[in-house]
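These notes concern the structure reproduced below.
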Amino acid sequence: MASRFSGALQLTDLDDFITPSQECIKPVKIDKSKDKTGAKIKIGEDGYWDVSSGKEQKLKKVEITLADCLACSGCITSAESVLVTRQSQEELLRVFSEHKYSDNKGTVRDVKLIAISLSPQPVLSLAARYKLNPEDATKKLTGYFKSLGADLVLDMTVAENLSILESQQEFIQRYHNNQSDANSKSLPMLASSCPGWVCYAEKTHGNFILPYISTTKSPQQIMGSLVKEHLSKLKDVASSELYHVTLMPCYDKKLEASREDFYSDVLNCHDVDCVITAIEVEQMLDVSKKSLEDFESLSLDWPWSLELSTELSIRSHIGSGSGGYADQIFCHAAEQLFGETKPSLVYKNLRNPDFREVTLEKDGKEVLKFAIANGFRNIQNLVQKLKRGKSPYHYVEVMACPSGCLNGGAQIRPVNEQPRELVARLENMYTKLPQSIPAEDSLARRLYNDWLQGKDSDKARALLHTSYHAVEKLDIALNIKW
């Protein structure tokens with residue numbers, strides 16, 4: 001089965017896909033014998049081996065995990081069948097059945113509460129697949145996950161709002177830093193919510209590009225912190241006994257959830273334990289010979305200690321179907337820096353519809369220039385401009401998949417229509433969702449004050465921000481390009 005991880009740049013032809021290569025090899029440590037004499041090695045059919053010592057030993061299995069992939073410089077992404085050990089539908093169903101899970105450290109833990117967090121893009125993909133409107137699809141998904149054994153099914157809007165609000169604040173700070181020191185690597189600020197792009201940046205361009213990337217966590221990881229840090233206390237459950245699952249539009253989110261940066265030594269668990277995708281939900285339904293329509297319609301859960309002021313549903317943001325980062329940050333910066341409360345958001349396409357820009361002029365002078373770059377061909381062009389010192393942008397919303405998250409690698413593929421037609425339908429569905437305005441999110445404001453102890457607190461910086469790491473190339477013969 002072909003990999004559905006995001007296509008990463010293959011430098012030879014600027015393609016949007018990379019296949020597994022010989023470089024994707026995990027070194028295995030072999031302990032040398034202290035015996036200086038020669039020895040014959042005998043391996044039996046049962047997997048036991050003997051080194052002429054009379055003592056048989058069992059061969060150890062070699063496993064490759066998502067964490068190993070992140071630490072390897074051989075490729076950007078690889079085949080899901082090789083990498084996914086604890087991030088699969090089979091593992092999820094097993095946890096539902098046994099109420100136990102094994103974390104990335106190999107520790108087996110009991111599960112007392114299972115929470116599922118829904119991102120809007122895969123919900124829309126499933127809505128299109130089963131010919132449902134987004135509201136009905138959300139309720140049917142809630143009913144489906146509850147039928148499997150989920151205790152809570154949550155909307156991720158609050159995490160998306162926290163990510164946007166923190167990104168807005170980070171951009172303003174970077175802008176001021178750049179004004180005081182033009183040689184600093186504060187701008188352009190590059191979006192960090194796409195793990196395929198971040199993984200590529202770490203492994204291919206390393207320390208050159210990383211200072212430009214926003215340190216604000218993606219909505220998935222902010223939701224992870226919120227669930228494991230805050231919700232666990234509200235429910236009086238240990239963080240390690242709360243199994244957190246996210247429904248996301250791409251397999252790269254599994255890579256993100258497996259990062260060591262998102263493992264808490266204090267809580268002894270990852271922020272997100274398992275990532276499931278739209279296409280995997282479809283496969284699970286197919287195996288059970290069910291349709292999403294067959295399940296009871298249930299409302300999303302609202303476990304927060306705050307009265308709900310509007311009807312609960314998945315929500316969109318103004319701007320792109322990837323979360324609208326460029327639009328939201330542009331509007332905030334225009335108001336905070338230049339007093340423009342309603343700036344014009346008219347994008348101009350550049351090489352293609354996946355590379356477009358928007359500008360703000362003040363007194364006849366261009367004062368802000370933002371862009372959206374989707375797909376690795378456009379990302380490569382962006383990086384080359386940066387390396388030549390010719391990037392004109394203050395902020396770029398960067399996503400690995402062409403057309404962004406609505407066309408994520410784990411979204412359900414079209415059957416009787418062209419891919420672009422399906423993406424256009426999903427974009428139309430996204431724009432018709434109830435819109436969330438981050439600045440008016442009462443829960444986000446409450447969380448900043450009660451949970452995070454204020455926007456500028458050390459706790460907010462620790463739980464809403466992360467760091468990146470350049471991955472050095474392995475100096476081995478397999479890296480040689482003949």
>> Counting only heavy atoms not in R461 (residues, nucleotides, ligands), do more than 12 fall under 6.0 Å from its CZ?
In response: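 More than 12 within 6.0 Å, yes.
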>> If the test is side chain to side chain contact (heavy atoms under 4.5 Å, CB included), which one of T142, L231, I116, L242 qualifies with L152?
In response: L231
> Can you tell which of L386, L187, V383, L190 makes a side chain to side chain contact (heavy atoms under 4.5 Å, CB included) with S391?
Replying inline: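 Single pass found, and it is L386.
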> Stepwise, does the salt bridge (Lys or Arg N to Asp or Glu O under 4.0 Å) test hold for D273 with K228?
Replying inline: CA-CA 10 Å; D273 299 298; K228 289 296 181 86; 2.9 Å; yes
> Which word best sums up how the rings of Y263 and H270 line up, parallel for under 30°, tilted for 30 to 60°, or perpendicular for over 60°?
Replying inline: perpendicular
> Between S225 and K217, do the side chains contain an N or O donor and an N or O acceptor separated by less than 3.5 Å?
Replying inline: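 K217 and S225 do have a side-chain donor-acceptor pair below 3.5 Å.
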> Is a side-chain donor-acceptor pair under 3.5 Å present for T277 with E280?
Replying inline: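 Result is yes, a qualifying pair exists.
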> Hey, is the main chain of F262 close enough, under 3.5 Å, to the side chain of Q221 for a donor-acceptor pair?
Replying inline: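 No, the answer is negative, given that no donor and acceptor are paired below the 3.5 Å cut-off.
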> What about F370 and F171, are their ring centers closer than 6.0 Å?
Replying inline: yes
> Rounded to the nearest 0.5 Å, how far apart are CZ of R425 and CG of L124?
Replying inline: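 Reported value, rounded in 0.5 Å steps: 11.0 Å.
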>> Listing request: all side-chain hydrogen bond (donor to acceptor under 3.5 Å, both in side chains) pairs with a residue in residues 150-161, at least two apart in sequence or in separate chains.
In response: D155-T157, N161-H317, N161-S436, N161-D441
>> Can you pull out every side-chain hydrogen bond (donor to acceptor under 3.5 Å, both in side chains) where at least one residue sits in residues 115-127? Sequence neighbours excluded, please.
In response: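 Passing the test, one end in residues 115-127: S117-H244, S119-Q121.
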> Quick one: side chain to side chain donor-acceptor pair (under 3.5 Å) partners of E397, sequence neighbours excluded?
Replying inline: S320
> Hey, are K289 and D294 close enough for a salt bridge, meaning a charged N less than 4.0 Å from a carboxylate O?
Replying inline: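 Salt bridge absent between K289 and D294.
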> Charged N to carboxylate O under 4.0 angstrom, K139 versus E135?
Replying inline: yes
> Yes or no on side-chain hydrogen bond (donor to acceptor under 3.5 Å, both in side chains) for Q380 and Y200, after CA distance, side-chain angles and deciding distance?
Replying inline: CA-CA 10 Å; Q380 181 66 6; Y200 162 76; 2.8 Å; yes
> Do the numbers put K455 on top of the ring of Y448, so that NZ or CZ is under 6.0 Å from the six-membered ring centre and no more than 45° off the axis?
Replying inline: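 Relative to the ring axis of Y448, which defines the angle, K455 lies inside both limits.
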> Is any side-chain heavy atom of S167 less than 4.5 Å from a side-chain heavy atom of H332?
Replying inline: no
> Please walk me through it: do S163 and Y325 pass side-chain hydrogen bond (donor to acceptor under 3.5 Å, both in side chains)?
Replying inline: CA-CA 9 Å; S163 183; Y325 280 84; 2.7 Å; yes
> Where do S214 and E170 land on the side-chain hydrogen bond (donor to acceptor under 3.5 Å, both in side chains) test, with the steps shown first?
Replying inline: CA-CA 8 Å; S214 166; E170 182 185 355; 2.7 Å; yes
> Should H394 and N178 be marked as a side-chain hydrogen bond (donor to acceptor under 3.5 Å, both in side chains) after you check the CA-CA gap, both sets of side-chain angles, and the distance that decides it?
Replying inline: CA-CA 10 Å; H394 294 92; N178 190 73; over 6 Å; no
